[in-house]
Amino acid sequence: MDNNNKKPDLSFVWSILDTVLRDTFKKNEIGDVILPFVVLRRLDCMLAPVNKKVREQYEKFHEKLTEDKLKPVLRKAAGGLKFYNTSRHTFATLKDDAANITINFTNYLNGFNEEVRDIFTHFEFDKVIARLNRNKLLFALVQEFEGLDFSLSAMDNHDMGYVFEEILRIANDFSNETAGEHFTPRDVIRLINAILFTPDKETLSGGNVIRSIYDPTCGTGGMVNLGRKYILEELCVDGIKPTVNTFGQELNEMSYAIAKSEALVTDGDADNIRLGNTLTDDQFKGKYFDYIMANPPYGVTWKKDQDTILKECQDPEGRFYAGTPRTSDGQLLFIQHMISKMKKDGTSRMAVVTNGSPLFSGGAGSGESYIRKWIIESDLLECIVALPKDLFYNTGINTYIWFLTNNKSAERRGKVQLIDATSFCTSAPKSLGNKRNDIRPQDIEDILKIYLAFEEGEYCKIFPNQFFGNYQLVVEQPLRDENGNVVMKAGKKVADTSKRDTESVPLDIQNVHEYFKTEVLPHIDPESWLELSKTRVNYEINFTRYFYQYEQPESSAAIAERIKVSEEKVTSLLKSLFA
């Protein structure tokens with residue numbers, strides 16, 4: 001099939017929804033039913049040429065070899081595929097025996113190797129099958145899918161990936177809650193891909209290149225899969241294409257099953273998709289990646305994981321040694337985890353989507369401030385892009401993409417680029433939940449140009465790292481008695497705690513005492529002083545402030561004239577109505 005001119009036909013989805021599932025399953029449940037059956041039919045078609053040999057080898061050795069030793073024998077019989085089925089059933093034989101469909105289908109599922117059975121367990125496929133059986137729909141559904149050709153000759157891996165993505169999109173369109181939790185909009189991912197991978201275009205196209213992409217909150221696998229596609233199909237169009245391996249970890253069992261299924265049916269490595277809590281059970285310990293990308297959950301508590309995380313934050317070699325944020329929001333924990341997965345040779349790039357909280361939440365001395373300080377002083381933060389509102393399905397709040405690297409170019413070292421892309425969008429043709437805006441391809445191209453140019457302008461600011469830090473100085477004013485005299489104790493002034501205040505001073509101020517004397521003291525009690533023992537350093541990124549443009553208020557004369565004109569228009573209109 002020519003992928004450039006014709007996309008796979010997805011009319012079967014609507015046909016099955018209309019002829020089999022209608023009135024039994026809701027539209028927002030379409031993914032729960034059709035996705036596992038697409039996976040099954042794909043495996044069924046791919047195994048068709050090798051089924052006979054697999055079963056022969058199984059009959060010959062299953063009583064002689066342990067399961068561990070039998071597995072490579074059966075994989076070899078399956079032509080090197082990472083899955084096989086030892087039952088006597090296929091979709092064709094299931095279709096030919098309607099009377100025994102339930103027991104035969106169960107035997108068919110149990111005939112798959114353990115990895116495949118694990119996927120369907122996390123799909124909670126047994127509940128789907130039970131519901132189909134109760135409504136006498138299982139045979140009809142098997143019959144519909146048996147008529148679909150998902151063989152490699154009819155549908156290559158590229159096309160199969162497209163089918164999977166489109167079914168996910170359709171399912172998410174019907175279920176905005178699912179979309180918000182597990183589905184990052186494709187326009188946002190395209191922007192991430194453009195900025196994350198474009199700087200490495202030359203090295204990626206160099207030949208004999210192997211690269212890895214990792215998502216610690218991979219959901220259904222959209223980010224890493226689209227990242228791989230971007231590299232292979234858009235960035236490296238000419239020359240030898242690199243080998244790109246994808247990896248992901250996911251906490252939600254259904255999302256994990258979907259991500260692992262897509263890897264399986266598109267000839268990816270399903271073993272690279274792992275289930276578990278990334279913050280407390282890192283499934284890729286000791287492994288590092290070239291590219292790391294994620295859209296971790298916003299404002300989700302990590303209180304139940306607190307003991308494990310706080311223990312690791314005490315370890316200088318641990319992921320969270322820089323600090324911990326408040327337990328109500330774990331975004332900065334995910335960012336630290338992602339940084340820990342950067343390659344030690346300094347060749348990694350990273351992108352993470354956040355809301356505004358990680359930029360400025362927490363004051364001086366807070367865990368959030370210490371984490372930002374560590375990231376910025378380590379010269380890892382390369383760029384932050386402020387996105388338009390209303391891009392995501394379950395939130396309309398301000399969102400940002402952080403780009404980090406341990407391999408900054410010479411011109412970027414010691415600096416951070418901020419891009420205000422809040423106006424680079426257009427209204428979506430149809431609102432999906434909170435998603436009312438789309439980032440167009442032209443918008444992505446324009447934002448990428450701003451990033452690559454690395455020049456200050458209307459939408460771009462560039463600051464030295466220390467710009468984002470400041471000294472939080474504690475200013476004490478003296479306690480005075482009823483006569484106005486300064487109260488002394490043990491030869492020292494007593495502070496009036498009710499007047500205690502703080503002053504933020506930029507890090508580049510050479511003499512804080514001189515600053516205090518000239519900028520602060522003239523406005524308060526002249527006997528005041530700095531309590532330097534309480535000084536703390538605060539790091540924050542106040543994005544909105546940096547791009548704020550002062551607008552001159554309208555003059556009173558202009559306002560009066562505008563009111564006068566409006567009154568004249570109203571008077572004229574009333575006269576014409578009652579003339």
Side-chain angles (χ1 to χ4, degrees), residues 184-205 211 213 223 226-227 229-231 233-237 290-295 335 338-339 342 346-356 358-359 372 375-376 378-389 391 398-426 437-465 467-468 541-544 546-547:
T184 304
R186 282 353 187 201
D187 50 349
V188 175
I189 297 177
R190 283 194 293 270
L191 175 59
I192 291 173
N193 290 340
I195 295 179
L196 186 64
F197 300 122
T198 299
D200 291 347
K201 181 176 181 178
E202 286 189 20
T203 55
L204 286 168
S205 304
R211 293 291 183 267
I213 307 176
M223 271 196 169
L226 290 176
K229 282 186 178 182
Y230 183 85
I231 292 173
E233 299 174 15
E234 296 187 48
L235 199 62
C236 302
V237 178
D290 298 291
Y291 302 104
I292 305 147
M293 54 200 305
N295 179 15
I335 291 177
M338 294 169 74
I339 291 172
M342 285 182 162
T347 58
S348 295
R349 291 180 58 77
M350 167 184 151
V352 57
V353 183
T354 76
N355 62 15
L359 295 172
R372 287 189 291 267
I375 292 171
I376 294 172
S378 298
D379 205 18
L380 294 171
L381 183 58
E382 180 182 72
C383 176
I384 298 179
V385 177
L387 296 174
K389 286 187 176 182
L391 286 180
N398 293 319
T399 49
Y400 303 82
I401 310 173
W402 299 43
F403 293 93
L404 297 89
T405 180
N406 55 6
N407 187 30
K408 277 190 180 182
S409 62
E411 66 175 349
R412 291 180 179 271
R413 286 174 195 153
K415 300 174 184 177
V416 176
Q417 181 182 23
L418 303 179
I419 298 176
D420 178 13
T422 54
S423 61
F424 288 67
C425 65
T426 188
N437 290 321
D438 291 332
I439 305 177
R440 300 161 295 186
Q442 184 59 51
D443 295 324
I444 294 173
E445 187 176 329
D446 291 341
I447 297 168
L448 178 62
K449 285 180 180 177
I450 294 171
Y451 164 79
L452 294 174
F454 196 60
E455 296 175 352
E456 288 208 335
E458 181 180 358
Y459 304 105
C460 177
K461 304 289 184 184
I462 299 170
F463 298 106
N465 289 343
F467 171 82
F468 302 101
I541 303 170
N542 198 323
F543 210 103
T544 305
Y546 310 143
F547 286 93

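Positions are given from 1, in the same order as the sequence printed here.
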request  = Just jot down the side chain to side chain donor-acceptor pair (under 3.5 Å) partners of Thr354, sequence neighbours excluded, or say none.
outcome  =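 If we apply the side chain to side chain donor-acceptor pair (under 3.5 Å) test to Thr354, skipping adjacent residues, the hits are Trp402.
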
If you measure from [atom1] on [X] to [atom2] on [Y], what distance do you get to the nearest 0.5 Å?
| X | Y | atom1 | atom2 | answer |
| --- | --- | --- | --- | --- |
| Met223 | Thr184 | CE | OG1 | 4.0 Å |
| Phe197 | Tyr230 | CZ | OH | 9.0 Å |
| Thr198 | Lys449 | OG1 | NZ | 12.5 Å |
| Cys383 | Lys415 | SG | NZ | 14.0 Å |
| Tyr546 | Ile384 | OH | CD1 | 9.0 Å |

Is any side-chain heavy atom of [X] closer than 4.5 Å to a side-chain heavy atom of [Y]?
| X | Y | answer |
| --- | --- | --- |
| Ile192 | Ile401 | yes |
| Asn407 | Arg349 | no |
| Phe454 | Glu411 | yes |
| Asp443 | Pro441 | no |
| Asn355 | Asn398 | no |
| Leu418 | Phe547 | yes |
| Asp290 | Ile213 | no |
| Ile376 | Ile541 | yes |

request  = Quick one: do Asn295 and Val352 satisfy side-chain contact (heavy atoms from CB on, under 4.5 Å)? Show the steps, please.
outcome  = CA-CA 6 Å; Asn295 179 15; Val352 57; over 6 Å; no

Can you see which heavy atom on [X] is nearest to which on [Y], and at what distance?
| X | Y | answer |
| --- | --- | --- |
| Val385 | Ala421 | CG1-CB, 3.8 Å |
| Leu226 | Asn193 | O-ND2, 3.4 Å |
| Ala194 | Pro199 | O-CD, 4.4 Å |

ask   = Taking 4.0 angstrom as the limit, do Arg413 and Asp379 come out as a salt bridge?
value = no

task = Considering only NZ, NE, NH1 and NH2 on the basic side and carboxylate oxygens on the acidic side, decide whether Arg440 and Glu445 come within less than 4.0 Å.
result = no

Taking the side chain from [X] and the backbone from [Y], do they hold a donor-acceptor pair closer than 3.5 Å?
| X | Y | answer |
| --- | --- | --- |
| Arg372 | Pro358 | yes |
| Thr203 | Asp200 | yes |
| Glu456 | Ile462 | yes |
| Asn437 | Pro388 | no |
| Gln417 | Ile450 | yes |
| Lys408 | Leu381 | yes |
| Thr405 | Ser348 | yes |

message = With a 6.0 Å cut-off (strictly less than), is the heavy-atom count around NZ of Lys389, excluding the residue itself, greater than 12?
response =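 At most 12 heavy atoms, drawn from other residues, nucleotides or ligands, come within 6.0 Å of this atom.
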
request  = Using distance alone, with no hydrogens and no angle criterion, decide if Thr426 and Asp438 have a side-chain donor and acceptor under 3.5 Å apart.
outcome  = no

inquiry  = Run the side-chain contact (heavy atoms from CB on, under 4.5 Å) test on Ile439 and Phe424 for me, step by step, so that the C-alpha distance in whole Å, both residues' side-chain angles and the decisive distance to 0.1 Å come before the verdict.
reply    = CA-CA 7 Å; Ile439 305 177; Phe424 288 67; 5.5 Å; no

inquiry  = Pair Gln442, Asp446 - check side-chain contact (heavy atoms from CB on, under 4.5 Å), show working.
reply    = CA-CA 6 Å; Gln442 184 59 51; Asp446 291 341; 2.9 Å; yes

task = Mind telling me whether Tyr451 and Phe403 have parallel, tilted or perpendicular rings, with 30° and 60° as the class edges?
result = tilted

query = For the residue pair Tyr400 and Phe543, does the interplanar ring angle fall in the parallel (under 30°), tilted (30 to 60°) or perpendicular (over 60°) class?
reply = tilted

note = Only residue of Leu191, Asp420, Leu387 satisfying side-chain contact (heavy atoms from CB on, under 4.5 Å) with Ile447 is Leu191

task = Could you walk me through whether Leu404 and Glu382 pass side-chain contact (heavy atoms from CB on, under 4.5 Å), step by step?
result = CA-CA 5 Å; Leu404 297 89; Glu382 180 182 72; 6.0 Å; no

